Number of protein chains: 2
Amino acid sequence: MTDEPALRADARRNRERILAAAEEVFLERGAAVSLDDVAKRAGVGIGTLYRRFPTREALLAAAYSARFLKFAAASRRRAEKSDPMSALRAYLQELVQHTNVYRGLAASLGAVLQVGTPGCLATSAEGARILQLAQTAGMVRADITFDDIVCVATAISLATQQNGSSKSQIAHLVDVFVHGIDNSKAAR
Amino acid sequence: MTDEPALRADARRNRERILAAAEEVFLERGAAVSLDDVAKRAGVGIGTLYRRFPTREALLAAAYSARFLKFAAASRRRAEKSDPMSALRAYLQELVQHTNVYRGLAASLGAVLQVGTPGCLATSAEGARILQLAQTAGMVRADITFDDIVCVATAISLATQQNGSSKSQIAHLVDVFVHGIDNSKAAR
DNA sequence: TTATATATGGAGGCATCTTCCACTTAGCAA
DNA sequence: TTGCTAAGTGGAAGATGCCTCCATATATAA
């Protein structure tokens with residue numbers, strides 16, 4: 001949409017510092033830490049942080065962008081070697097795991113994904129693409145949308161974070177959902 | 001557990017005022033309003049509010065208790081006239097709708113349900129009961145827990161509150177989940 | 001009436017968010 | 001090189017909200 005007006009060199013440097021600091025701090029202490037702390041860690045004034053990232057979601061989305069880019073690419077590669085259903089299952093499972101990397105991100109996953117960061121865009125696009133494939137192949141109910149997927153990922157992420165999340169529990173819940181959207185009569 | 005030590009008359013009166021104020025304010029402005037505002041509306045000091053309700057969840061749960069009691073009773077009545085699967089579906093759908101009555105309750109639904117308010121207890125018990133029935137009848141996969149239900153309700157509530165929630169969207173998501181836990185081979 | 005356990009209000013300390021603006025600086029044009 | 005200026009900066013300050021604490025007030029039982 002609005003193409004960026006090109007940052008000054010120092011501003012770009014500070015932006016990177018903020019992102020690196022955010023990544024660290026979010027990992028250590030969850031997505032709800034004080035933004036003052038992020039600024040401090042970055043060695044930058046709080047005003048600078050706000051100028052670059054007007055909302056917490058914007059910062060979260062930006063910090064996540066690289067991670068999400070990799071995820072989307074990996075998913076794409078995997079999808080080429082497997083049937084759409086398995087690909088979708090794997091996508092969902094990994095989306096949850098990525099969401100769980102920052103404690104407390106789950107509740108805002110929807111909001112974060114809607115920020116137009118490259119990583120978020122790629123992740124959404126890839127998810128929609130796989131879903132479409134599975135539906136075209138008649139493997140998944142036609143009335144499922146990508147928003148449904150995000151909703152489910154949120155749910156699973158929430159659930160596994162409150163208790164002591166385990167990979168197997170995630171797999172279990174993913175399984176339930178995949179079973180729910182499966183279109184074949186003999187599912188399970 | 002710990003039976004209440006019987007409040008003094010004035011304390012009981014204030015407690016009621018706080019609950020009434022909380023109900024009003026939560027309805028008007030969501031579950032995240034400042035507790036100071038609730039106290040002000042109730043014509044009571046903030047200290048009094050904290051003495052009676054040590055956490056926001058405790059207050060939410062208490063304010064909700066009556067509503068949840070009715071819900072649980074209605075659900076119970078309905079369950080007698082229908083098969084467990086429909087009952088479960090209706091339960092889940094209404095749980096989401098009730099959760100959406102206060103904007104922003106969704107995120108703490110799990111925490112709220114765990115507060116030992118009569119309404120919360122009844123709601124949990126009723127949900128667990130219906131689930132059990134459906135499982136005993138072999139209609140629902142045995143590996144589903146009531147926590148799974150709460151988790152799904154939370155997510156659906158979150159998702160439908162961010163966008164412009166519509167009854168039909170809720171119904172759709174509930175449907176997907178119910179289909180997912182359905183145990184019959186020929187589901188759908 | 002009095003003693004006392006119970007209850008009260010709200011000031012105060014703390015954390016965080018967010019805005020704003022006087023000052024600084026990168027980068028360009030002369 | 002030297003200004004000039006638009007872009008950028010830091011952090012103080014004002015708001016808001018959480019929660020604790022305690023001097024004061026009051027219900028109630030004896």
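Below, chain A is the first sequence line, B the second, and so on; all start at residue 1. In this text the structure is predicted, and so the values were computed from the model without any measurement.
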Handout entry: A:A11 side chain, from C-beta outward: closest of D:dG8, C:dG9, C:dG10
Key = D:dG8
Exercise for the section: Using atom OH of B:Y50 as one end and atom P of D:dC22 as the other, report the distance to the nearest whole Å. Expected result: 18 Å
Handout entry: Side-chain ion pair, A:D175 and B:R141, N-O less than 4.0 Å
Key = yes
Practice task
Taking the side chain as every heavy atom from C-beta outward, state whether B:L59 and B:R52 have any pair of such atoms under 4.5 Å apart.
Solution key: no
Completion exercise
Between CZ of A:R51 and P of C:dC21 the distance, given in whole Å, is 14 Å
Handout entry: Integer-rounded Å distance: C:dT6 P and B:N14 CG
Key = 17 Å
Problem - Set of ring pair (Phe, Tyr, Trp, His ring centres under 6.0 Å) partners for A:Y50, sequence neighbours left out - result: none
Practice task
Identify, residue by residue, the members of residues 18-30 of chain B with a heavy atom below 4.0 Å from DNA chain C, and return them in order of residue number, or none.
Solution key: none
Exercise for the section: Among B:Q97, B:H172, B:Q169, find the one that has a side chain to side chain contact (heavy atoms under 4.5 Å, CB included) with B:T160. Expected result: B:Q169
Problem - Check ion pair B:E28-B:R41 (N to O, under 4.0 angstrom) - result: yes
Exercise for the section: Can you tell me the distance, in whole Å, between the CG atom of B:D36 and the C1' atom of D:dC18? Expected result: 8 Å
Handout entry: Reading 5' to 3' through nucleotides 23-30 of chain C, protein heavy-atom contacts under 4.0 Å coded B for base, S for sugar-phosphate only, - for none
Key = --BSS---
Problem - Partners passing ring pair (Phe, Tyr, Trp, His ring centres under 6.0 Å) against A:F68 (at least two apart in sequence or in another chain) - result: A:Y64
Problem - Note: B:R78-B:E94 ion pair, threshold 4.0 Å (strictly below) - result: yes
Problem - Minimum-distance nucleotide (side-chain atoms of A:R52 versus C:dT19, D:dT9, C:dG9) - result: D:dT9
Fill in the blank from the handout: Atom CZ of A:R15 and atom P of D:dA7 are separated, to the nearest Å, by 18 Å
Practice task
Answer yes or no: is there a donor N or O on one side and an acceptor on the other, between the side chain of B:S86 and the main chain of B:S82, under 3.5 Å?
Solution key: no
Handout entry: Beyond-backbone contact of A:Y91 with A:R76, side-chain heavy atoms, under 4.5 angstrom
Key = no
Handout entry: OP1 or OP2 of D:dG10 under 4.0 Å from side-chain N/O of A:T48
Key = yes
Handout entry: Euclidean distance, atom CG of residue B:L49 to atom C1' of D:dG17 [Å, nearest integer]
Key = 13 Å
Practice task
Take the protein atom CZ of B:R17 and the nucleotide atom P of C:dA7, then report the distance between them rounded to whole Å.
Solution key: 15 Å
Problem - Dot-bracket pairing map - DNA chain D, Watson-Crick plus G-U, both contacts under 3.5 Å, | cross-strand - result: ||||||||||||||||||||||||||||||
Exercise for the section: Check side-chain hydrogen bond (donor to acceptor under 3.5 Å, both in side chains) between A:E57 and all other residues, then give those that pass, not counting sequence neighbours. Expected result: none
Practice task
To the nearest Å, give me how far apart CG (A:D37) and C1' (C:dT16) are.
Solution key: 10 Å
Problem - Donor-acceptor contact below 3.5 Å, side chain B:E126 vs main chain B:A73 - result: no
Problem - N/O donor-acceptor pair under 3.5 Å between A:D148 side chain and A:T145 backbone - result: yes
Handout entry: Nucleotide of D:dT9, C:dG9, C:dC17 approaching A:S34 most closely (side-chain heavy atoms)
Key = C:dC17
Practice task
From the options D:dC18, C:dC17, D:dT9, select the nucleotide whose nearest atom is closest to the side chain of A:R56.
Solution key: C:dC17
